[in-house]
Protein chains: 4
Amino acid sequence: MSEKTTKKHHDPVLAEARRKQVLKAAEDCFRRKGYHGAGMAEISKTAGMSAGHIYNYFASKEAIIESIIQQDMEEMFSIFQQFEDQSGELVKVMIEGCDHGVERHLNREDGILKIEMLAEAARNPKVAFLLQESDTQARTRMRGLLVGERSQVKDVTDKELDARINVMFAMFSGLLLRRTLYPELQKDTILLALRPVVKTLLTPF
Amino acid sequence: MSEKTTKKHHDPVLAEARRKQVLKAAEDCFRRKGYHGAGMAEISKTAGMSAGHIYNYFASKEAIIESIIQQDMEEMFSIFQQFEDQSGELVKVMIEGCDHGVERHLNREDGILKIEMLAEAARNPKVAFLLQESDTQARTRMRGLLVGERSQVKDVTDKELDARINVMFAMFSGLLLRRTLYPELQKDTILLALRPVVKTLLTPF
Amino acid sequence: MSEKTTKKHHDPVLAEARRKQVLKAAEDCFRRKGYHGAGMAEISKTAGMSAGHIYNYFASKEAIIESIIQQDMEEMFSIFQQFEDQSGELVKVMIEGCDHGVERHLNREDGILKIEMLAEAARNPKVAFLLQESDTQARTRMRGLLVGERSQVKDVTDKELDARINVMFAMFSGLLLRRTLYPELQKDTILLALRPVVKTLLTPF
Amino acid sequence: MSEKTTKKHHDPVLAEARRKQVLKAAEDCFRRKGYHGAGMAEISKTAGMSAGHIYNYFASKEAIIESIIQQDMEEMFSIFQQFEDQSGELVKVMIEGCDHGVERHLNREDGILKIEMLAEAARNPKVAFLLQESDTQARTRMRGLLVGERSQVKDVTDKELDARINVMFAMFSGLLLRRTLYPELQKDTILLALRPVVKTLLTPF
DNA sequence: TATGAATGAGAGTTCATTCAT
DNA sequence: CATGAATGAACTCTCATTCAT
């Protein structure tokens, strides 16, 4: 976790701002052109700084996408946090949460970015590791919710729990692909069938 | 629809055989290394012909993946055909079909190939068009099944039908990603929760 | 000795010719600009082929200088071979050989090339290894001559033998530097003092 | 002779101290990594000042190595001074001096630094000029010793004198290379053969 | 039909140097 | 005097594509 992460910067505030600048630009470019389609030249232009300068903040292009993945992970954590903080029966809370969930996952550009990460995982073991680690954490948090007091499925077997979690995750991440495959698809349409499915997954079969 | 698809070949039978050879080799390579990870040199070696010769059958590397997508579409059709040919209540038929469906979609290499196609769609409009066309056809076939005599949901509104189809497609295509994110995941685990969900999607809410 | 030495070439004769072409061009460029001063662009232009094509024959720029070193080694071997093949008292043979030896070592451009190799050895362990290996072989051959029947010092201790060899080698390789430091220096001038020294080194003290 | 050597500094004493600081740091770095291997960043860190600030004292990286060479020249002078100050027969004095001489010239890092300078001379005329000037001065001092009262060769021809000097210089500078080519070589081994050679060079043939 | 030698544009990256502060 | 953020040109190397044979 400390191989060559950062060189010391005199002004950490500026440094952090610049890192953000680069990450934002890279996200934009990767979304538009894909990881391989976007060159450092384009990223640097988008970020408003020279290509060489980016290397003062990131060791490589690879390090940039790794950073984006980690950022992604942190966003995901905050979403779970919200669920954990909310009171009330889990089924109810999550069905209400579907609205935000679908919105997030139907966003076409987020989908593209996620696909790029997954594609990169096929060749880059570190990217694969980060994505897997992120997924493991997400499953763990989800399991925490499902075995909590407020859950109706807190007594099912571990294997069934795993099944429920994986199907739910498959469904949501599958949504990321749908806008690419079917751009006209609307959020409220999806919700019509998605909510019953979520209910199925959160109550005993 | 035929801009530069084929040049005239002296022996059309041999030509078609060679095209197949290339497509198969390219599929293999893309699965193993991804679209950008696999070079023309590797593809040509796998196909057992020179790199230069491939350009007698395909205008570019892009044209190869476009062809693979079209081929993929045809495979998908044959799967729907099977469902359509089978008799019995749709719910039962499809729940039994889940087994094959999960197997197909959990395969890690198929997942990689599909992800590569989707990633390419972000920058190549023709790829996007082909994938969307393929998806549209798949949804049409699926709708045909759901409004047929054997279906329990043949009377729901068009919008709800669309919802059910999209959620089901999201779930299955989402499975393609799971092996990359969670390599230890087993088919029988998934089926535990997937079958109830499929049932939910094929019966009135 | 076989990591990535050569890819298979259809026409080994052409391939060897191209390799020679590149080596010759690289030698020229390194001599004129030094290893770091000469870019692949310049080398390729000098060789009369594209930069990219060079990589069909050499894995890297490093591999090129390594090849030059090995070539150098082989030249050196053939020189020792000449001494070994010649009959007569060793002192006499070698003092006569001084003429060629000085000529070879006073050549300014050869000196520059050798200096570049030595400079590179300071940062590149493989280069260092090759040069050391070459030197070891040279010392071994030299020792072979010095302990032969025709030698007047065949009975000195190993350590003294080593001393004699190293001083002789130091002197000759030192000549490589002199033309850079003193361009007007002439061969016949050097020989005036060099021959007595060689005689000293080949006869008992 | 002062084209861009120094800009005006407010405090010339401090300025000179800073220059020394940089030269010392650069020498260290060049010794360890070579001229091209050591970056301005590393030099500035070693010198304990910012990279930018170095440019207040030196016009370029080249200017630094030029300065180091000049400094080197001065060291060399002081060594000749020692010989000139010493009394006694020259042969005896110098043979005793061999000990120090070999020590100095067998040092691997000194060798690297000198090689870097020579390599740089191939592309930088100013460096070449400085080194040649330095060598000319050294030969002049040496000639002074050889034609002095204490010398046994004070009556030989100018040409022979030149020969003797050049062979001696070749031999010693050649020693600089030997540690790179044969790291195990020991000082006392070398001395075994070097002293007889020095004697040969300082006495009539 | 088939080859693979050859190209060349463009990739990611490094680093001496500049300059606003 | 001193900094280090920022630049940009040049570097080595890759690879889809072309073409003489």
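It should be emphasised that the depicted structure is a prediction, and the values quoted were computed from it without experimental measurement. Residue numbers start from 1 in every chain, and the chains themselves are labelled A, B, ... in the order their sequence lines are given, proteins ahead of strands.
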Rounding to an integer number of Å, can you tell me how far [X] [atom1] sits from [N] [atom2]?
X: His10(A); N: dA5(F); atom1: NE2; atom2: C1'; result: 11 Å
X: Asp11(A); N: dA2(F); atom1: CG; atom2: C1'; result: 16 Å
X: Leu14(C); N: dA20(F); atom1: CG; atom2: C1'; result: 13 Å
X: Tyr55(C); N: dA11(E); atom1: OH; atom2: C1'; result: 13 Å
X: Lys45(B); N: dC15(F); atom1: NZ; atom2: C1'; result: 15 Å
X: Phe58(A); N: dG12(E); atom1: CZ; atom2: P; result: 15 Å
X: His36(B); N: dG12(E); atom1: NE2; atom2: P; result: 11 Å
X: Ile54(A); N: dT14(E); atom1: CD1; atom2: C1'; result: 14 Å

- Message: Closer than 4.0 angstrom, basic N to acidic O: yes or no for Arg123(B) and Glu62(B)?
- Response: no
- Task: Decide, yes or no, whether a salt bridge links Arg32(A) with Glu42(A) under the criterion of side-chain N to carboxylate O below 4.0 Å.
- Result: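 Answer for the salt bridge query: yes.
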Taking all non-hydrogen atoms of both residues into account, name the closest pair between [X] and [Y] and its distance.
X: Ile64(B); Y: Leu23(B); result: O-CD2, 3.8 Å
X: Ile112(C); Y: Arg31(C); result: CG2-O, 3.2 Å
X: Ala59(A); Y: Ala63(A); result: N-CB, 4.0 Å

- Item | Tyr57(C), nearest nucleotide to its side chain (from dC1(F), dA6(F), dA6(E)) |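 Nucleotide nearest to Tyr57(C)'s side chain: dA6(E).
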- Closest nucleotide among dT3(F), dT7(F), dT13(E) to the Ser50(A) side chain: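 Between dT3(F), dT7(F), dT13(E), the one nearest the side chain of Ser50(A) would be dT7(F).
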- Query: Taking a pair as Watson-Crick or G-U wobble with both distances under 3.5 Å, which nucleotide is matched to dG8(E)?
  - Reply: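 Pair assignment: dG8(E) / dC15(F).
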- Note on the structure: Re dT21(F): Watson-Crick or G-U wobble partner, both distances kept under 3.5 Å, found to be dA2(E)
- Message: I want to confirm an ordering. Mapping Gly37(D) and Gly39(A) to their closest nucleotides on DNA chain E, which one lands closer to the 5' end?
- Response: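 Closest to the 5' end, via its nearest nucleotide, is Gly39(A).
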- Please tell me which of His53(C) and Ala41(D) maps to the more 5' nucleotide of DNA chain E, matching each residue to the nucleotide holding its nearest heavy atom. His53(C)
- Task: Pick base, sugar-phosphate or nothing for Ala63(B), based on heavy-atom distances below 4.0 Å to the nucleic acid.
- Result: nothing
- Message: So Ser60(B), base contact, sugar-phosphate only, or nothing? Heavy-atom distance under 4.0 Å.
- Response: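 Here Ser60(B) touches the backbone only, sparing every base.
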- Task: Between Ala51(D) and Lys61(B), name the one whose nearest nucleotide on DNA chain F is closer to the 5' end.
- Result: Ala51(D)
- Message: Please compare Met40(B) and Gly48(D) by the position of their nearest nucleotide in DNA chain F and report the one closer to 5'.
- Response: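 By nearest-heavy-atom nucleotide position, the 5'-most residue is Gly48(D).
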